Q: 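The structure is given below, and queries will be raised subsequently.
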Amino acid sequence: VTHYNQKHANKTFNDGTTLPRIEVFRSPIVAGGTFIHPDVTTEATALSLLWGYQARVEDESPALELMPDIAMKNAYQKIQDRVGPDSDMLYEEIEGELCEM
């Protein structure tokens, strides 16, 4: 979405059309369904998504709306508590539910 906003939004093309800027990105509920990995929780997946969202380019990024979901709320709270991907606290709080890299 950020790439689209940087490269394509609000630019006028040869035929006179202009593509709109994406103003709001709604993050989906993290579920997994059929494709859920047995060793990764939905909360751990939500944390990974949020870390990625934080890495976006501020000027070109849309506002972020998180869909109401308990895993996303818990992950968001951990972000607010400054639990980062390199934090030892992360593994203590999630109790080893994340895959090690």
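Residues: numbered from 1 along the sequence shown. In this text, all values refer to a predicted model and were calculated from it rather than measured experimentally.
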Q: Which atom names give the shortest non-hydrogen contact between S27 and L66, and what distance separates them?
A: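 Smallest heavy-atom distance, with atoms named: CB-CD2, 3.9 Å.
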Q: Please indicate whether R26 has more than 12 foreign heavy atoms, meaning atoms of other residues, nucleotides or ligands, lying under 6.0 Å from its CZ.
A: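 Incorrect, the count does not exceed 12.
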Q: Can you establish whether the number of heavy atoms outside Y76 located under 6.0 Å from its atom OH is more than 12?
A: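 Counting other residues, nucleotides and ligands, OH of Y76 stays at 12 neighbours or fewer.
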Q: Go through the structure and list residues passing side chain to side chain donor-acceptor pair (under 3.5 Å) with D15, not counting sequence neighbours.
A: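 Counting only residues at least two positions away or on another chain, D15 forms a side chain to side chain donor-acceptor pair (under 3.5 Å) with T17.
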Q: Would you give the length of the straight line joining atom CZ of F25 to atom OG of S61, rounded to the nearest 0.5 angstrom?
A: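 Between F25 CZ and S61 OG, I get 10.5 Å after rounding to 0.5 Å.
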Q: Kindly give the heavy-atom pair with the smallest separation between Y4 and P20, and that separation in Å.
A: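 In terms of heavy atoms, the two residues are closest at OH-O, 2.6 Å.
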Q: Output the distance between atom CG (N5) and atom NZ (K11), rounded to the nearest 0.5 Å.
A: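 That separation rounds to 9.5 Å.
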Q: To the nearest 0.5 Å, how far apart are CD in E43 and OG in S48?
A: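 E43 atom CD to S48 atom OG measures 11.0 Å (nearest 0.5 Å).
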Q: A side-chain contact here means heavy atoms from C-beta on lying under 4.5 Å apart; do L50 and M72 qualify?
A: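 Heavy-atom side-chain distance check passes, below 4.5 Å.
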Q: Indicate the ring-plane relationship of H8 and H3, choosing parallel, tilted or perpendicular according to the 30° and 60° boundaries.
A: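 Perpendicular, since the angle between the ring planes exceeds 60°.
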Q: Can you tell me how far CG of N74 sits from OG1 of T42, rounded to the nearest 0.5 angstrom?
A: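 Rounded to the nearest 0.5 Å, the OG1-CG separation comes out at 8.5 Å.
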Q: Minimum heavy-atom separation for A46 to A75, with atom names?
A: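 Heavy-atom minimum between the residues: CB-CB, 3.6 Å.
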Q: Do you reckon M67 sits in the same ILVMFWY cluster as V24, going by side-chain contacts under 4.5 Å, direct or chained?
A: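 No, M67 and V24 fall in different hydrophobic clusters.
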Q: Spell out, yes or no, whether I70 and I36 are grouped together once hydrophobic residues are joined by side-chain heavy atoms under 4.5 Å, including indirect joins.
A: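 No: no chain of side-chain contacts under 4.5 Å links I70 to I36.
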